[in-house]
Amino acid sequence: SDHDLVFPSSPSEMDWSKHYPAFASSDGYADSSAQIDQASVFTRTKALPEFLDVGCGFGGLLFDLAPIFPDKLILGLEIRAQVAQYVEDKAHALRLAARSHRRGEHAAGNDTSQVGTGSAASSSAEGAGVSPTVGPDNTSDAQSSTSSHPNKRSRKDQAPGDADGDEEDAKDEKDEKEQNELLVARARTGNVAGGYENVSVLRANAMKFLPNFFRKGQLSKMFFLHPDPHFKKIKHKARIISSTLLAEYAYVLRPGGILYTITDVHDLHLWMVGHLDVHPSFEPIPDAELEDDPCVKAIWTATEEGKKVIRNRGDKWFKAYRRKPDPPLD
Ligand code: SAM
């Protein structure tokens with residue numbers, strides 16, 4: 001249930017400095033008391049989130065793209081509280097690992113490789129002298145240390161014939177743990193552009209209040225990667241791509257921006273392209289035009305759901321769309 005979700009009354013009320021403290025300008029750019037117009041917000045802002053991973057799950061895409069686009073703010077939207085917390089903790093641990101390197105404090109014993117396993121990733125880093133700054137990075141150890149891998153997934157939407165759930169969960173958790181250890185080790189070497197300061201997550205329902213969080217045209221990329229398929233016909237209205245929702249996505253996505261989709265459920269692929277193909281604000285992008293787009297490789301390989309499909313040798317269907325300019329008003 002999402003009845004406890006909070007949202008700002010407008011994008012200028014949204015304080016992104018909590019999510020990206022390293023990008024906050026010194027005078028604070030999201031001052032809710034100030035009646036500032038859009039232009040002045042932008043001049044007082046080092047950056048606003050520009051890439052949005054809708055239903056980011058465990059955040060694989062976010063952490064893959066963060067070092068490729070160190071100057072872009074990348075945000076995951078996730079409705080499940082535990083999963084959003086997991087992503088927040090992971091970003092926190094990776095930032096600490098990268099910061100500890102920058103401060104020359106990557107001493108032995110500063111072990112942040114425990115992210116997601118239920119141990120106090122952040123407190124061990126702090127114990128080695130790393131003090132986080134503001135925002136989610138400043139949340140209590142208790143909070144950051146409680147998020148074990150929330151591996152129990154909802155089966156309500158599982159397709160008939162899916163591999164055994166518990167076995168799959170165990171494999172997911174093992175993969176995830178190995179991946180986390182690699183990421184933290186790399187962050188500690190200092191070879192990660194941007195030090196994960198540009199990645200964050202927001203617990204929100206993407207089907208509600210998107211224009212409360214994001215300005216018109218704020219986003220340059222939106223990702224819909226392995227969205228919940230809602231197999232049964234009666235549940236199709238819960239799908240995250242629909243004509244109504246596409247109008248909202250077109251509002252927050254700037255002309256020229258790209259909306260990416262991928263799924264291993266062929267019926268859902270047909271559903272998504274069916275809606276996008278007929279929507280006046282979007283045009284399909286031929287795959288050949290995206291050959292040099294680094295996001296595409298990440299889309300195919302970096303998400304947790306995508307990795308599971310690779311492991312089970314399943315098929316995937318990909319399609320990307322460009323946000324068309326709005327027609328002139330006559
Ligand atoms: N994109 C990830 C990946 O490829 O690994 C996760 C895919 S998972 C099948 C779908 C995710 O979308 C889940 O984590 C679910 O909680 C989230 N989700 C579903 N509906 C949502 C909504 N309305 N708003 C935000 N997140 C949502």
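Note that the numbering runs from 1 along the sequence shown for the chain. Remember, predicted model here, so these are calculated numbers, not experimental data.
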Run the salt-bridge test on Asp228 and Lys235 with the 4.0 Å N-O cut-off and return the result as yes or no. no
Do Lys177 and Glu181 sit within salt-bridge range, that is, some charged N less than 4.0 Å from a carboxylate O? yes
Same apolar cluster (I L V M F W Y, side chains within < 4.5 Å links), [X]/[Y]:
X	Y	result
Trp317	Leu290	no
Leu61	Ile68	yes
Leu182	Phe58	no

Under the salt bridge (charged side-chain N to carboxylate O under 4.0 Å, His left out) rule, collect the residues that match up with Glu50, sequence neighbours excluded. Lys72, Arg254
Are the side chain of [X] and the backbone N or O of [Y] linked by a donor-acceptor pair below 3.5 Å?
X	Y	result
Gln85	Gln82	no
Gln218	Pro49	yes
Arg203	Ile79	yes
Asn198	Ala66	yes
Asn312	Gly314	no

Separation of [Y] [atom2] from [X] [atom1] (nearest 0.5 Å):
X	Y	atom1	atom2	value
Leu65	Ile74	CG	CD1	5.0 Å
Cys56	Leu225	SG	CG	10.0 Å
Ser281	Leu276	OG	CG	10.5 Å
Ile258	Glu289	CD1	CD	9.0 Å
Arg80	Tyr86	CZ	OH	12.0 Å
Met222	Leu52	CE	CG	5.0 Å

For [X], what residues pass the side-chain hydrogen bond (donor to acceptor under 3.5 Å, both in side chains) criterion, not counting sequence neighbours?
X	value
Lys174	Glu178
Asp326	Arg323
Arg311	Glu168, Asp172, Asp175
Asn191	Thr189

Going by the rule side-chain contact (heavy atoms from CB on, under 4.5 Å), which residues pair with Lys307 if we only count those two or more places apart in sequence or in a different chain? Gln179
Kindly indicate whether the side chain of [X], heavy atoms from C-beta on, has any atom under 4.5 Å from the side chain of [Y].
X	Y	answer
Leu75	Trp16	yes
Lys319	Pro284	yes
Leu183	Lys90	yes

Measure across [X] and [Y] and return the closest heavy-atom pair with its distance rounded to 0.1 Å.
X	Y	answer
Ile310	Thr301	CD1-CA, 4.2 Å
Ala247	His279	N-NE2, 3.7 Å
Pro67	Phe63	CD-O, 3.3 Å
Pro255	Pro325	CB-CA, 3.8 Å
Asp264	Asp315	CB-O, 3.2 Å
Ile240	Leu245	O-CD1, 3.5 Å

So, applying side-chain contact (heavy atoms from CB on, under 4.5 Å) with Met272, which one of Asp277, Thr261, Val265, Leu246 is it? Thr261
Just to verify, what does Phe51 make a ring-ring contact (aromatic ring centres under 6.0 Å, His included) with, not counting sequence neighbours? Phe69
Can you list everything that forms a ring-ring contact (aromatic ring centres under 6.0 Å, His included) with Tyr251? Sequence neighbours excluded, please. none
Show, in sequence, the C-alpha distance, side-chain angles and deciding distance for Thr263 and Glu305, and conclude whether the side-chain contact (heavy atoms from CB on, under 4.5 Å) test is met. CA-CA 9 Å; Thr263 177; Glu305 206 59 35; over 6 Å; no
Where at least one partner belongs to residues 236-252, residue pairs that pass salt bridge (charged side-chain N to carboxylate O under 4.0 Å, His left out), sequence neighbours excluded: Arg239-Asp267
With sequence neighbours left out, which residue pairs that include part of residues 57-70 fulfil the salt bridge (charged side-chain N to carboxylate O under 4.0 Å, His left out) condition? none
Could you give me the CA-CA distance, side-chain angles and deciding distance for His236 and Ser242, then say whether side-chain contact (heavy atoms from CB on, under 4.5 Å) is met? CA-CA 9 Å; His236 284 179; Ser242 69; over 6 Å; no
Checking Val252 against Lys216 for the side-chain contact (heavy atoms from CB on, under 4.5 Å) test, could you report, in this order, the C-alpha distance in whole Å, the side-chain angles of both residues, the deciding distance, and whether it holds? CA-CA 5 Å; Val252 294; Lys216 183 175 184 198; over 6 Å; no
Hey, mind stepping through Leu270 and His275 against side-chain contact (heavy atoms from CB on, under 4.5 Å) and telling me if it holds? CA-CA 9 Å; Leu270 296 177; His275 282 82; over 6 Å; no
Got a sec, which pairs hit side-chain hydrogen bond (donor to acceptor under 3.5 Å, both in side chains) with one end in residues 291-300, sequence neighbours left out? Tyr260-Asp293
For the residue pair Tyr20 and Phe23, does the interplanar ring angle fall in the parallel (under 30°), tilted (30 to 60°) or perpendicular (over 60°) class? perpendicular
Only pairs under 3.5 Å count here: list side-chain donor-acceptor contacts from residues 205-214, not counting sequence neighbours, and write none if there are none.
unit_1 : atom_1 : unit_2 : atom_2 : d
Asn205 : OD1    : Met207 : N      : 2.8
Asn205 : ND2    : Asp2   : OD2    : 2.6
Lys208 : NZ     : Asp2   : OD2    : 3.4
Asn212 : ND2    : Pro8   : O      : 2.9
Asn212 : ND2    : Ser9   : O      : 3.4

With Ser200, which of Arg95, His19, Glu88 fulfils side-chain hydrogen bond (donor to acceptor under 3.5 Å, both in side chains)? His19
Please tell me whether Phe282 and Tyr249 form a close aromatic pair, meaning their ring centres lie under 6.0 Å apart. no
